[in-house]
There are 2 protein chains.
Amino acid sequence: MTVDERRAWEIVLAHIENDLLLGRLKPGDRLPGERTLATDLGVGRSSVREAIRVLEVLGLVRTNVGSGPTAGAIIVALPGGGMSALMRLQVAAQGFPVADIVKTRLVLETAVAAELAEAVLSAALLRPDRQHPDRHDPDLGRCVQLLDAMDAPGLTEDEFLALDAAFHLSLAEACGNQVVVATMAGLRTAIEGYVRAGVARLASWSDTSDRLRAEHRGILAAIEAADPTGAHSLVHAHISGYYAETQLSPAPH
Amino acid sequence: MTVDERRAWEIVLAHIENDLLLGRLKPGDRLPGERTLATDLGVGRSSVREAIRVLEVLGLVRTNVGSGPTAGAIIVALPGGGMSALMRLQVAAQGFPVADIVKTRLVLETAVAAELAEAVLSAALLRPDRQHPDRHDPDLGRCVQLLDAMDAPGLTEDEFLALDAAFHLSLAEACGNQVVVATMAGLRTAIEGYVRAGVARLASWSDTSDRLRAEHRGILAAIEAADPTGAHSLVHAHISGYYAETQLSPAPH
DNA sequence: CTAAGCTGTGTGGTCAGACCACACAGCGCA
DNA sequence: TGCGCTGTGTGGTCTGACCACACAGCTTAG
């Protein structure tokens, strides 16, 4: 007869994870109320709350006060916030060096761009006619929208940077890999403060933002031209160039 | 006079994050006791505990009962567990498709191998003499050890898989990028159950494990031979081959 | 008959308090 | 000097009280 050495909140967490794995719970479902869960699992309500809090921050539940179908803890699957919190806190605690964040971004974002270009290439090989109804290119509509939005006159630096982040993320989203999307969002958030502070070190924000916009256009053009190698290089230069210019590191190869 | 709309536990979390960012707290430091923190921040002790639990799961604090210098909540910076929990739970909640996990692994691990090979190449260009005392190759000692351990006769499948995971992680560690290490650890953990279950679908575990070991040796040889392209391809084939064989997806290019 | 108001219920959010085991530090005694 | 005891502060856990919220159901008035 083994004594369960797990802590009370861990019992709750494991129970919910198990239900997720077995398909007993899925996004949209509502957990039993805290009091019910506590009774069912033989723990205190505080321990239930601790576990729920963990799940909330990791993007697995959303909680609502009240009654009726929208009340309580609802299962969601939104990893972005959790990834951001984890990375942001690890940067703050010096577990993740900023340079490593930047390098990881380089790895992921160059891969995304190359993969999009490859998808265009595959589509083109199957259907060389760009207007063919059966031709399935990746959907870059959102990317284009964001580039157009970045061309608006009078954007503040913060507005520009937010659109810039959104553009990069839109490439990942066009790729369709949820893990990469969440990871990239987290990486970006983790060093957001540093990026913003780096703007002050630029010789000319106007020159830099012009250059960034042009580079974005170049990246998108390389993707649309089905040039994986070109897209990869342009993204690499774009990201490392900006970080070098703001002295955030690392210097370009 | 604005009312703080944050929840009580969020106030605690933000306070601790701020202290980390300002360098008032760093790994090894001890947080004030829960009761003290509650009083200082004007919240209940339960709310402090909820925040601490979040930080604990994300790898930012470790808690010890007792008194003296090792008691209480100590700041750490160990992102691996948090990354694993986040990814594992997101897979369970269907936020992260398994296929996306695999693809992300491919991106990261091929980049790691290529970067190691490039580091060997750089070292060789600076110091062609392999025995030169000033030559600084990446340290692959741990990788070699693990490969040797995998050659032991009579390993169970689980033992083999654990060593296999450790080998892959040791490559990331040799690269020295903490973000990639944690991310890869999380990715691997997230689908560990699937990987283990996949073994049952193999025609011959013996043949497969032999092949895997040979492929590991090939990867390491390509790295040591300063061949980034070769290392990249071998890792890609190695990972996608195993997943295809166990039908975990995705099929090789 | 319909709409508005009231009541009851269950939800999460929060705090306080009680008690436990743990781990150490300090003190007293052999 | 070493051992045992006591006190203190630590996290861990549970319980209970109360709050605001949100809905559902019922009753009353127009």
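Within every chain, numbering begins at 1; the chains are lettered A, B, ... in the order of the sequence lines, protein sequences first and strands thereafter.
- In this structure, CG of B/Leu31 is placed 16 Å from C1' of D/dG12, rounded to the nearest angstrom.
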**Item:** Intermediate values then yes/no, side chain to side chain contact (heavy atoms under 4.5 Å, CB included), A/Leu108 and B/Val107
**Value:** CA-CA 7 Å; A/Leu108 290 177; B/Val107 171; 4.0 Å; yes
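- Atom CD in A/Gln178 sits 10.5 Å away from atom CG in A/Leu78 (nearest 0.5 Å).
- If you check residues 60-72 of chain A against DNA chain C, the residues with a heavy atom closer than 4.0 Å are A/Thr63, A/Asn64, A/Val65, A/Gly66, A/Ser67, A/Gly72, listed by number.
- When each of A/Leu37, A/Ile11, A/Leu31 is paired with A/Val48, the side chain to side chain contact (heavy atoms under 4.5 Å, CB included) condition holds for A/Leu37 and for no other.
- Ring geometry for B/His216 versus B/Phe167: interplanar angle of 30 to 60°, hence tilted.
- In this structure, the separation between CG on B/Leu13 and OG on B/Ser47 is 12.0 Å, given to the nearest 0.5 Å.
- Between the CG atom of B/Leu37 and the P atom of D/dG9 there is a distance of 16 Å, rounded to whole Å.
- In this structure, the CD1 atom of A/Ile74 is 12 Å from the P atom of C/dT11, given to the nearest Å.
- At a threshold of 4.0 Å, the pair B/Arg53-B/Glu50 does not count as salt-bridged, since none of the basic side-chain nitrogens sits closer than that to a carboxylate oxygen.
- From A/Leu147, atom CG reaches atom OG of A/Ser170 across 7.5 Å, with rounding to the nearest 0.5 Å.
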**Prompt:** How far apart are the C-alpha atoms of B/Tyr243 and B/Ile191, what are their side-chain angles, what is the distance that settles it, and do they pass the side chain to side chain contact (heavy atoms under 4.5 Å, CB included) test?
**Reply:** CA-CA 11 Å; B/Tyr243 286 129; B/Ile191 56 172; 3.4 Å; yes
**Request:** Given side chain to side chain contact (heavy atoms under 4.5 Å, CB included), test B/Val91 with B/Tyr194 step by step and report yes or no.
**Result:** CA-CA 11 Å; B/Val91 168; B/Tyr194 294 91; 4.0 Å; yes
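- Heavy-atom distances under 4.0 Å link DNA chain D to B/Arg45 of residues 39-47 of chain B, given in residue order.
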**Message:** Quick one, A/Met184 with A/Arg188, criterion side chain to side chain contact (heavy atoms under 4.5 Å, CB included). Give me CA distance, side-chain angles, the key distance, then yes/no.
**Reply:** CA-CA 6 Å; A/Met184 274 176 52; A/Arg188 190 68 189 243; over 6 Å; no
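- Contacts with DNA chain D (heavy atom under 4.0 Å) in residues 9-20 of chain B: none are found.
- Rounded to whole Å, the distance from CD on A/Glu50 to C1' on C/dG13 is 14 Å.
- Remark: B/Arg53 is in phosphate contact with D/dG12, judged by side-chain N or O atoms under 4.0 Å from OP1 or OP2.
- Atom CD1 of A/Ile52 and atom P of C/dT11 are 13 Å apart (whole Å).
- For the pair B/Glu34 CD and C/dC22 C1', the interatomic distance rounds to 14 Å; values are reported in whole Å.
- Salt bridge status for B/Arg88 with A/Glu17: present, with a side-chain N to carboxylate O gap under 4.0 Å.
- Residue order along DNA chain D, read from the 5' end via each residue's closest nucleotide, puts A/Arg7 first among A/Arg7 and A/Arg35.
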